[in-house]
Amino acid sequence: MSEKVKIRIDHMGKKYDVENKALLFTKGNSAHDNFVGHESDYVLKNVNLEIKEGEFHIFLGASGCGKTTLLNIVAGFLNKTEGHVTLDDKEILGPGSERGVVFQNADSAIFPWLTVQKNVEYGLRMRGVKKDERRKIAFDALELVGLKGHENKYPDELSGGMKQRVQIARSIAANPEVLIMDEPFGALDAQTRRTLQDELIRIWKKTGKTILFVTHDIAEAVYLGENISIFSVAPDASIVDKIQVPYSYPRNINDEKIGEFIKYTTEKLENAIRSSKEKHEQKKLTASEDYEEEEAVSKIAV
Ligand SMILES: Nc1ncnc2c1ncn2[C@@H]1O[C@H](COP(=O)(O)OP(=O)(O)OP(=O)(O)O)[C@@H](O)[C@H]1O
Ligand SMILES: [Mg+2]
């Protein structure tokens, strides 16, 4: 990891268009008043983070806290509402070939009508890379993810883990500086998951890419990451804790120290979730007390 900041997230906030939600509840209805009156409509608020070039960075947080939202903003698929998100000090305004994305579900990301080889070559073809060159690049990427010999198969002839490797190979072939991975191994069996984790570490070590990786699996986070960001819960979710994993690679998941570190990280995550939920409850309570007080005052005024 170099000292150069690759991605900087500065006071970033995101709210989705809630018009549709508001339409579900007509005004005067208590659900509407609760929603509008007491809850922030920011999913993410005041997110601050620096990721160094070549860093393996993990995001952990409760379901719905905004991890995918954040990755989509870094990928350039979504606009932020406020703050700054930069890559090499330039504001991210859309997708770019220096960023490669690996989604959780390979089925929605790879083309069923193209062979493994053609799937991996796809981005290169779009960029006008000549046939021989893209063949070689795709071949090397497939070898890297352990899919040598499967080049001419179609996706429906592959297992889930193999499809996920195709997706990873396609990202690697495009040679992005940053790999953005949203629970890429989430749906895989334990054995395949472990193999792909080891392959990913090998690829990362070999290529020096910056990796942003979301997982719900704390053991996976500790096995893979150099640094872990922990989110509070939405609304107004932000990164409330940052952990540095102080072990060199390869790590042994059965090592007692690693086991202790997994426990420590679990506690940190649980604390972040608990304390932000308590804060939300307190806010709601204060808001409803204010509301009752206002109502009492307005009755007196009448
Ligand atoms: N297109 C959208 N429009 C409105 N709200 C959205 C949209 N996409 C996500 N959200 C909301 O934003 C919040 C964060 O969603 P996001 O998918 O980023 O969470 P996550 O942390 O990735 O969750 P998970 O761990 O379950 O994948 C959720 O409350 C979700 O309902
Ligand atoms: Mg998600």
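In this chain, numbering begins with 1 at the start of the sequence shown. Remember, it's 1-based here, ligands and their atoms both numbered in the order they're listed.
Each of K279, K14, K283, K277 was evaluated against D236; a single residue qualifies, K283, per the salt bridge (charged side-chain N to carboxylate O under 4.0 Å, His left out) test.
Judged as a side-chain contact (heavy atoms from CB on, under 4.5 Å), and not counting sequence neighbours, the contacts of K153 are V116, H150, E157, L158.
If you number the atoms of ligand 1 from 1 as listed, the ones under 4.0 Å from a heavy atom of E183 come out as 25 (O), 27 (O). Heavy-atom proximity to V43, at under 4.0 Å, picks out these atoms of ligand 1: 12 (O), 13 (C), 14 (C). Remark: ligand 1 atoms within the under-4.0 Å shell around heavy atoms of T69 are 14 (C), 15 (O), 16 (P), 18 (O).
Nearest residue to atom 28 (C) of ligand 1 from G61, A62, G64, S63 is G64 (criterion: closest heavy atom).
Salt-bridge check for E82 with K45: passed, with a basic side-chain N closer than 4.0 Å to an acidic carboxylate O. One finds a salt bridge joining D140 and K136 here, because a Lys/Arg side-chain nitrogen approaches an Asp/Glu carboxylate oxygen to under 4.0 Å. Classification of E3 and K52 as a salt-bridged pair holds, one side-chain N sitting under 4.0 Å from a carboxylate O. Between E199 and R165 a salt bridge is recorded (basic side-chain N to carboxylate O distance below 4.0 Å). Ion pairing between a basic and an acidic side chain is recognised when a charged N comes within 4.0 Å of a carboxylate O; K67 and D182 show no such pairing. Using a 4.0 Å cut-off between charged side-chain N and carboxylate O, D88 and K4 make a salt bridge. Using a cutoff of 4.0 Å between basic side-chain nitrogens and carboxylate oxygens, K6 and E55 are not scored as salt-bridged. Salt-bridge formation is detected for the pair K263/E260: a Lys NZ or Arg NE/NH1/NH2 atom is positioned less than 4.0 Å from an Asp or Glu carboxylate oxygen.
Put simply, part of C65 is less than 4.0 Å from ligand 1, judged by heavy atoms. Within the structure, the closest approach of A234 to ligand 1 does not fall below 4.0 Å when heavy atoms are considered. Residue contact annotation: H216 has a non-hydrogen atom under 4.0 Å from ligand 1.
Listed by chain and number, the protein N, O or S atoms at a distance under 2.8 Å from the Mg ion (ligand 2) are T68 OG1.
Under 4.0 angstrom from ligand 1, the non-hydrogen atoms of T68 come from both its backbone and its side chain.
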